[in-house]
Each structure stands twice: as structure tokens, then as C-alpha cells.
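For reference, the structure discussed in these notes is given below.
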2 protein chains.
Amino acid sequence: MRNQNKMRQSGCPVAFSLDTFGDRWSLLVIREIMLLGKTTYSDFQNIDEGIASNVLADRLKHLEAEGILAKHRDPDNRRSYIYSLTEKGRDLASIMIEIILWGGRHDQRPQAIRRAVDEIKKDRDGFEENIRAG
Amino acid sequence: MRNQNKMRQSGCPVAFSLDTFGDRWSLLVIREIMLLGKTTYSDFQNIDEGIASNVLADRLKHLEAEGILAKHRDPDNRRSYIYSLTEKGRDLASIMIEIILWGGRHDQRPQAIRRAVDEIKKDRDGFEENIRAG
DNA sequence: ATTATTAACTTGTTATTTGCAAGTTATTAG
DNA sequence: CTAATAACTTGCAAATAACAAGTTAATAAT
């Protein structure tokens, strides 16, 4: 794995947070679950940004170990697993929202997708409560 | 450099944000400037978490290219440069605050430093305005 | 009942990035 | 004039990531 499990023990809450969920792929997986309702390994493999299979496996394992994600069998299909956010994972909602809003403010590209940005601007609290409800 | 400059063009604001500032070292450098008043290359080299010199140079270059940091000569010492946050960089304040708060909520380690957490809890708006004032 | 397909990974290999030690250049301090 | 310092850069080994292919168990199709 990477750097995250070394836990440099600086005691800083920022470093702690980053060690727990702060890398590109972890946050994109969290986005998929939190915002796009994706739940399975194959859902994540289809992420637009294209994650490698071994890296995805590594990140899922790490996020589960950190208590951000939970993994359960799919009751309707014994070869599937369903990944979901734990309470601790849903508590990332406000960070995710701020990341989206910042992106919305500074992304000038024509292909920028504004859907989530607009939704949050319209009713931020509702958006957040919705995530936290699980 | 890494991955960040590939800009996978997914159009997603989360991916955009992560490509701009979303890796461990970038965020730790931003923490140093935003919260600890550090401004120089040698300040950053002394980060508790221990960043490699070549990686630091890479991240500073990237953050400057992305318009998060500005680099100016130190008027009092011609061999120094002073790095500072741009408006766009200071606009990361709310993300940083949420990251700190999340860390504060979930870091159970005895050595966890609560200073910033407590300050933000006491007066979040003041804390944020202070950062945004530059 | 076989065979094909799917889901979730794992493995092997190559490419990229990181970490670490040392070196460079332009100041500034003694 | 010599030693330090600031900000990098370079070289190289080690760790990670990307890419392609393979494995195993379970479901779907014939």
C-alpha cells in the first residue's frame, strides 16, 4: 500500500484526515458511493477517470480498514459485495460538499459538470442531510 | 510530475479539485501557509511529516501553476522566496476547516493536537475570515 | 448438465513516482 | 575571503501505479 498506513504520527488532524481518506482514488470512490449511488467493485471499475483494478482493491481494503466503508454480501447475488459508507464515511459529507463547491467556483472548462454544484447551491443543508441519512 | 497534470477531463468538479490540490503533500504545504504562517522553501522542508526536497519542489511548482500559490522574492534577502496563498488558494479555507474538524471528530490518538480544532469550534467564522483576509 | 459469462479479485510486468543523499548556484554572514 | 545558508537539482534505489491477463466462485444460457 502507500504512505497512508505509515501514519507519520505528527498528531495533526489534517495529516490524520489525509492518511485516512486523502488520496485521489479514495476520494473518487467515496464520491461514487456518496453522490452517484454506486456500490460494487464493478461499479467502481467503471469510474470515468479509469482506476486500475489492483489499485481499486487496495483502496477499498484501506477504506474499509479505516472504517470509512463497510462491505457486505449482496443478498440477491452471492458473487457480489455491496460497499457502503459507514457513519464515519458519511461524516465526510461536508468535506465533499466544500470540494465540489470549490471546484464549481474555479473550474472554467466548458465541459465542467455543474449538476451537483447547482443542487448544493440550491439547498445545501438538504443535500447534506440526504447524504447523512445514508 | 504526477497524475495531476493529466487532467482526465471527466468534467467532474471533485476530480477537478483533486487534480488541482488533492494530494497529501500539496495539502500539507497549504496547511503550513494557511495555518502555521510558514512561507519559505526551508520552512516547508521542516514539515513534521518530512517531505523530500524534490517532491516539495514539484508540488510548489504545481500549486503555483494552478494559481493556488504565488512566489515572490523576499525583499530583505535576495536568496529567499516567499510563497503565499492567492485568493484562489485562500478560498480553500472552508475545505481545510472541514478536514480539520473531521480529523478532530475521529482522531482518537492520545497525541492528537486539538489546538486548531478547538479554535475553529470556538469561532469558526472568525477563523475562516482570518484566513480569507490573507 | 454443460458451457458461457459475470463479479471480484490477484498476479506479473513495466512505467512512474517517491525517498534519500549529495551536489549546485547565488547570496549573505563572519 | 571563507564559511554558511536558501533554494533547488541530480542520481539512484525502492515503492507505487498502470496495464494486461489470469483465477475462483457463482449465476445465466443452451
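Sequence lines set the chain letters: A, B, ... in the order given, protein chains first and strands last, and positions in each chain run from 1.
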Query - Interatomic distance where CG belongs to D23(A) and C1' belongs to dT18(C) [whole Å] - result: 15 Å
Query - Which nucleotide in dA8(C), dA26(D), dG19(C) has an atom nearest any side-chain atom of Y81(A) - result: dA8(C)
Query raised in the report: Where along residues 33-47 of chain B does a heavy atom come under 4.0 Å from DNA chain D, residue by residue in number order?
Result: T40(B), Y41(B), S42(B)
Requested in this report: Using whole Å, report how far NZ of K61(B) lies from C1' of dA7(D).
Outcome: 11 Å
Using the 3.5 Å cut-off, write out each protein N or O paired with an N or O of nucleotides 21-23 of chain C and the distance between them.
none

Report task. Rounded to the nearest angstrom, tell me the gap between atom CH2 in W25(A) and atom C1' in dA17(D). Result -> 10 Å
Query raised in the report: According to a 4.5 Å side-chain heavy-atom criterion applied to Ile, Leu, Val, Met, Phe, Trp and Tyr, with indirect links allowed, do L56(A) and I33(A) form part of one hydrophobic cluster?
Result: yes
Query raised in the report: According to the salt bridge (charged side-chain N to carboxylate O under 4.0 Å, His left out) rule, which pairs have a member within residues 78-88 of chain A, sequence neighbours left out?
Result: E87(A)-R90(A)
Query - Pairs touching residues 85-119 of chain B that satisfy ring-ring contact (aromatic ring centres under 6.0 Å, His included), sequence neighbours left out - result: F21(A)-W102(B), W102(B)-H106(B)
Query raised in the report: Which nucleotide in the set dT6(C), dG19(C), dA29(C) lies at the smallest distance from any side-chain heavy atom of R79(B)?
Result: dA29(C)
Query raised in the report: Tell me, which pairs form a ring-ring contact (aromatic ring centres under 6.0 Å, His included) where one or both residues lie in residues 108-134 of chain B, sequence neighbours left out?
Result: none
Requested in this report: List for me each residue that meets side-chain hydrogen bond (donor to acceptor under 3.5 Å, both in side chains) alongside R105(B), sequence neighbours excluded, and say none if there are none.
Outcome: D91(A)
Query - side-chain hydrogen bond (donor to acceptor under 3.5 Å, both in side chains) partners of E128(B), counting only residues at least two apart - result: R132(B)
Query raised in the report: Rounded to the nearest Å, what distance is computed from the CD atom of residue E49(A) to the P atom of nucleotide dA18(D)?
Result: 12 Å
Requested in this report: Would you please name every residue forming a side-chain hydrogen bond (donor to acceptor under 3.5 Å, both in side chains) with S53(B), sequence neighbours left out?
Outcome: Y41(B)
Report task. For D43(A), check side-chain hydrogen bond (donor to acceptor under 3.5 Å, both in side chains) against everything at least two apart and list the hits. Result -> T40(A)
**Report entry** Residue list, salt bridge (charged side-chain N to carboxylate O under 4.0 Å, His left out) with E129(A), at least two apart or on another chain
**Finding:** none
**Report entry** Strand-adjacent residues in residues 70-78 of chain B, judged by heavy atoms under 4.0 Å from DNA chain C
**Finding:** N77(B), R78(B)
Query raised in the report: Does a salt bridge link D19(A) with R24(B), judged by any charged N lying under 4.0 Å from a carboxylate O?
Result: yes
Requested in this report: Nearest whole angstrom, please: distance from the C1' of dT11(C) to the CG of L56(A).
Outcome: 16 Å
**Report entry** Selection residues 92-104 of chain B - residue pairs positive for salt bridge (charged side-chain N to carboxylate O under 4.0 Å, His left out), sequence neighbours left out
**Finding:** E98(B)-R124(B)
Report task. Let me know the distance between CG of L60(A) and P of dA17(D), rounded to the nearest Å. Result -> 14 Å
Report summary line: note: H62(A), atom NE2; dA15(D), atom C1'; distance rounded to Å ~ 16 Å
Report summary line: From CD1 of I51(B) across to P of dC20(C) the rounded distance in Å is 12 Å
Query raised in the report: Can you check whether R59(A) has a side-chain N or O nearer than 4.0 Å to OP1 or OP2 of dA17(D)?
Result: yes
